[in-house]
Amino acid sequence: MMQTENDQEQKKEAMKRLRNERKDKIAAVSARVKEQKKAFKAIREILNKDGGMTVPELAEGTGMPASDILYYLATMKKYGDILEGAKDSGYFRYRLAEISHGEE
């Protein structure tokens, strides 16, 4: 019984050291996740308000670079949050899917 308590205490201390060593990386990842959630929310809001939009229109409306918009749209499309519509001037028009999986 004493060995088990000792093992648990050692594991607990090891986890504390590990968290302390990695706190900068954990903070950076947390900040990136927060940034991504904010971007997804901005895209959903503008699509919800304006309906189908192209990548350049979304970039202009959100103030984000088109390359970032394209990355987020690809992710949203993969998970069924948006649908790709007809082409307009060489760009697809994207709109929200009826049932969005990413809603918070």
Side-chain angles (χ1 to χ4, degrees):
M1 184 119 51
M2 193 61 125
Q3 183 65 22
T4 303
E5 290 175 11
N6 192 23
D7 287 346
Q8 287 177 343
E9 192 62 36
Q10 286 178 346
K11 286 180 185 179
K12 194 183 222 182
E13 287 301 317
M15 286 303 291
K16 280 184 183 180
R17 279 194 312 275
L18 206 56
R19 279 190 205 105
N20 194 36
E21 290 171 5
R22 296 179 181 179
K23 68 181 173 186
D24 293 337
K25 288 181 183 182
I26 292 169
V29 169
S30 295
R32 178 70 176 151
V33 167
K34 186 176 180 180
E35 178 185 317
Q36 287 177 340
K37 283 184 178 184
K38 185 178 173 184
F40 286 131
K41 183 178 180 184
I43 292 169
R44 278 191 204 97
E45 284 176 355
I46 198 165
L47 284 176
N48 194 34
K49 196 182 331 177
D50 295 332
M53 298 181 78
T54 63
V55 171
E57 291 169 341
L58 284 166
E60 184 179 324
T62 61
M64 288 187 267
S67 59
D68 290 353
I69 293 291
L70 195 55
Y71 169 79
Y72 292 126
L73 288 177
T75 302
M76 293 171 82
K77 184 179 175 191
K78 177 180 178 179
Y79 291 105
D81 292 338
I82 62 167
L83 300 172
E84 200 172 70
K87 274 192 173 182
D88 181 7
S89 301
Y91 295 98
F92 287 105
R93 288 203 160 274
Y94 294 93
R95 63 182 171 84
L96 289 176
E98 294 297 319
I99 300 173
S100 183
H101 301 289
E103 296 285 328
E104 292 177 19

Any [X] side-chain heavy atom under 4.5 Å of [Y] side chain:
X: Y72; Y: M64; value: yes
X: M15; Y: R19; value: yes
X: E84; Y: L73; value: no
X: K37; Y: V33; value: yes
X: E13; Y: E9; value: yes
X: Q36; Y: Y71; value: yes

Restricting to side-chain hydrogen bond (donor to acceptor under 3.5 Å, both in side chains), what partner residues turn up for D68, sequence neighbours left out? none
Measuring from atom [atom1] of [X] to atom [atom2] of [Y], what distance do you get when rounded to the nearest 0.5 angstrom?
X: T62; Y: I69; atom1: OG1; atom2: CD1; answer: 3.5 Å
X: F40; Y: T75; atom1: CZ; atom2: OG1; answer: 5.0 Å
X: M76; Y: L96; atom1: CE; atom2: CG; answer: 6.0 Å
X: I46; Y: Y94; atom1: CD1; atom2: OH; answer: 15.5 Å

Any ion pair linking K38 and E35 (charged N to carboxylate O, less than 4.0 Å)? no
Quick one: do Y91 and I43 end up in the same hydrophobic cluster if we chain Ile, Leu, Val, Met, Phe, Trp and Tyr together by side-chain heavy atoms under 4.5 Å apart? no
Checking L83 now: which residues fulfil side-chain contact (heavy atoms from CB on, under 4.5 Å) with it, not counting sequence neighbours? R95, A97
Side-chain polar contacts of residues 50-61 - donor-acceptor pairs under 3.5 angstrom, sequence neighbours left out - could you list them?
from : atom 1 : to  : atom 2 : distance (Å)
T54  : OG1    : E57 : N      : 3.4
T54  : OG1    : E57 : OE1    : 3.4
E57  : OE1    : T54 : N      : 2.9
E57  : OE1    : R93 : NH1    : 2.9
E57  : OE2    : R93 : NH2    : 3.1

